[in-house]
Amino acid sequence: MKINGNAIRPGNIIEHKGRLLRAVKIQATKTGKSGAYAQVELKDVRDGTKMNERFRAGETVERVRLEQKDFQFLYAEGDMLTFMDNETYEQISVHSELVGAPLPFLAEGMTVSVESYEGSPISVELPEQVTLTISEADPVVKGQTASSSYKPAVLENGVKIMVPPHIEAGTRVVVSTAEGEYVERAKD
């Protein structure tokens, strides 16, 4: 689907110069002589390289629609991750780089969303939050009960996070997969 250069929004995926690019930042600029244009920071979806491009209002670019499908994580073998389609039971293997920073939160049996373009997977999105058990937590230091004080703790997957003083080892907590930060005590 063709769109004007000034209609690109953050998160849009476009095909430009033979590459699949995701718009990261956009700055609309209007100058007196040359007219309006959009300065767009683009990131290649496949290899992660960044580039800046100027698109004038009259230029058109090809906006790409990605297919999203739910898959279940089965296992990891080296750098390769194997997922199963929840509808067809077909299995796919992708490189762990497609998951990115939230990789430590990927757990066996977890349902994830896989984005693909022309049948080729290009990204894996984990749920926004996961519930994990605290395996280690520093003891509470007496007198350190200020509401803004946090202490270090280690999750069952080995990730270190900061938690409120009342959280102890064995407590189940909700953690944000994007930031890797404590959200709340689990309600289960």
*asked:* Less than 4.5 Å apart, side chain to side chain, heavy atoms only: is that true for Thr60 and Asn4?
replied: yes

*Between Leu126 and Phe73, is any pair of side-chain heavy atoms under 4.5 Å apart?*
no

_Between Ile14 and Val64, is there shared hydrophobic-cluster membership here, with clusters defined by ILVMFWY side-chain heavy atoms closer than 4.5 Å?_
no

_For Lys43, I'd like to know if atom NZ has over 12 heavy atoms of other residues, nucleotides or ligands within 6.0 Å._
no

*Once you round to the nearest 0.5 Å, how far does CZ of Phe55 lie from CD of Gln39?*
9.5 Å

*asked:* Surrounding CD of Glu168 (heavy atoms of other residues, nucleotides or ligands, distance under 6.0 Å), is the total greater than 12?
replied: no

*Are any of the side-chain heavy atoms of Phe105 and Leu132 separated by less than 4.5 Å?*
yes

*Counting only heavy atoms not in Glu184, do more than 12 fall under 6.0 Å of its CD?*
yes

_Rounded distance [0.5 Å steps], NZ in Lys25 versus CG in Asn52_ = 9.0 Å

*Does a side-chain heavy-atom distance below 4.5 Å link Glu15 with Val61?*
no

*Would you say Tyr150 and Glu181 make side-chain contact, with heavy atoms under 4.5 Å?*
no

*Work out which heavy atom in Ser96 is nearest to a heavy atom in Leu81; give both atom names and the distance.*
CA-CD1, 3.7 Å

*Going through the distances and angles, do Ile134 and Leu155 end up as a side chain to side chain contact (heavy atoms under 4.5 Å, CB included)?*
CA-CA 5 Å; Ile134 299 286; Leu155 296 166; 3.7 Å; yes

*Listed by chain and number, what are the side chain to side chain donor-acceptor pair (under 3.5 Å) partners of Gln72, not counting sequence neighbours?*
none

*How would you list all residue pairs meeting salt bridge (Lys or Arg N to Asp or Glu O under 4.0 Å) that involve residues 89-108, not counting sequence neighbours?*
none

*Are side-chain heavy atoms of Phe83 and Leu106 found at a separation under 4.5 Å?*
yes

*For the residue pair Ala38 and Ile26, what are the closest heavy atoms and their distance?*
CB-CG2, 4.3 Å

_For the residue pair Gln91 / Thr82, report whether a side-chain donor-acceptor contact shorter than 3.5 Å exists._
no

_Please find the pair of heavy atoms, one from Asp44 and one from Leu21, that lie closest to each other, and give the distance._
CA-CD2, 3.6 Å

*Does the pair Ile3 and Ile8 meet the rule for a side chain to side chain contact (heavy atoms under 4.5 Å, CB included), with working shown?*
CA-CA 7 Å; Ile3 60 170; Ile8 300 171; 4.1 Å; yes

_Single-linkage hydrophobic cluster Val94~Tyr89, side-chain heavy atoms < 4.5 angstrom_ = no

*Roughly how far, to the nearest 0.5 Å, is NZ of Lys69 from CG of Asn86?*
9.5 Å

*What distance do Glu115 atom CD and Leu66 atom CG have between them, rounded to the nearest 0.5 Å?*
5.0 Å

*Write down the atom of Ala23, the atom of Leu42, and the distance for their closest heavy-atom approach.*
CA-CD2, 3.8 Å

_Nearest-0.5 Å distance, CG of residue Leu20 to CD of residue Glu62_ = 11.0 Å

_Under the rule for side chain to side chain donor-acceptor pair (under 3.5 Å), what residues qualify as partners of Glu67, not counting sequence neighbours?_
none

_Nearest heavy atoms of Met162 and Tyr182, plus distance in Å_ = O-CB, 3.4 Å

*Closest contact, heavy atoms only, Pro121 versus Val114*: CB-CG1, 3.9 Å

*Quick one: does Arg185's side chain get under 4.5 Å of Arg172's, heavy atoms only?*
no

*How far apart are the C-alpha atoms of Met110 and Val130, what are their side-chain angles, what is the distance that settles it, and do they pass the side chain to side chain contact (heavy atoms under 4.5 Å, CB included) test?*
CA-CA 10 Å; Met110 180 182 280; Val130 292; 3.5 Å; yes

*Val159, Val175: one ILVMFWY side-chain cluster at the under-4.5 Å cut-off?*
yes

_Quick check for you: to the nearest 0.5 Å, what is the distance between Leu103 atom CG and Leu98 atom CG?_
10.5 Å

